[in-house]
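Data first, discussion second: the structure below is written as structure tokens.
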Amino acid sequence: MRTTGLSELIAVLWRCGVPVVGWAEVRDGVVLLTEGGQTVLVPRLRLGERTDALAWILAAQLPQRRLLETPLDPEHVPRFSERELAWLRFIRWLRERGQTAL
């Protein structure tokens, strides 16, 4: 998978106040993991759209933060496997239910 468009999308999302801290390629597209544990699926077909327009649509769905700086190189945002993504979602689910011990 080419990641140039994805890196641009991550950079624009950071500028919109949505810090993307990881991503995973899944069958239907790409899942972006944001600071705070939110995830959003970007369908593969949408990855070819205008980056700024897509970023604003996604930013409207996600919690935004006030950021002082953006990453120097969005290509350094970690890539997760589907299994790792499932684990991160499970950890978030536990945290939301107030269970801290695994």
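Values below: all heavy atoms of this structure, side chains included; hydrogens, waters and symmetry mates excluded.
- Pairing each heavy atom of Val12 with each of Asp52, the nearest pair is CG1-CA, 4.2 Å.
- Remark: side-chain polar atoms of Trp23 are not paired, donor with acceptor, to backbone N or O of Phe80 under 3.5 angstrom.
- Hydrophobic clustering of Ile, Leu, Val, Met, Phe, Trp and Tyr side chains at less than 4.5 Å, counting indirect connections, keeps Leu62 apart from Leu85.
- Heavy atoms only, all atoms of each residue included: Leu32 and Leu58 are closest at CD1-CD1, 4.3 Å.
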Pair Leu33, Val20 - check side chain to side chain contact (heavy atoms under 4.5 Å, CB included), show working. CA-CA 6 Å; Leu33 175 67; Val20 176; 5.9 Å; no
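- In this structure, Arg92 contributes its side chain and Gly37 its backbone to a donor-acceptor pair below 3.5 Å.
- Interatomic distance, CH2 of Trp56 versus CD of Gln61, reported as 14.0 Å (0.5 Å rounding).
- The pair Arg44-Glu25 meets the salt-bridge criterion, with a side-chain N (NZ, NE, NH1 or NH2) lying under 4.0 Å from an Asp/Glu carboxylate O.
- Expressed to the nearest 0.5 Å, how far CZ of Arg79 lies from CG of Leu6 amounts to 9.0 Å.
- Aromatic ring orientation, Trp93 versus Phe90: parallel (interplanar angle below 30°, classes split at 30° and 60°).
- To the nearest 0.5 Å, atom CZ of residue Arg46 and atom CG of residue Leu41 are 10.5 Å apart.
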Under the criterion side chain to side chain contact (heavy atoms under 4.5 Å, CB included), I'd like the reasoning laid out for Leu54 against Leu9: C-alpha separation, chi angles, the key distance, then a yes or no. CA-CA 8 Å; Leu54 179 57; Leu9 178 60; 4.1 Å; yes
Candidate pair Thr39 and Thr34, rule side chain to side chain contact (heavy atoms under 4.5 Å, CB included), full reasoning: CA-CA 6 Å; Thr39 59; Thr34 66; over 6 Å; no
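- Scanning both residues, Ser81 and Ala24, for their nearest heavy atoms gives O-CB, 4.2 Å.
- Trp14 and Val31 fall into different hydrophobic clusters, where Ile, Leu, Val, Met, Phe, Trp and Tyr residues are linked whenever their side-chain heavy atoms come under 4.5 Å apart, directly or through other members.
- The two residues Leu13 and Ala55 make their nearest non-hydrogen contact at CD2-O, 3.4 Å.
- Here the CZ atom belonging to Arg50 is positioned 12.5 Å from the CD atom belonging to Glu8, to the nearest 0.5 angstrom.
- Closest non-hydrogen pair, Val21 versus Pro78, comes out as O-CD, 3.1 Å.
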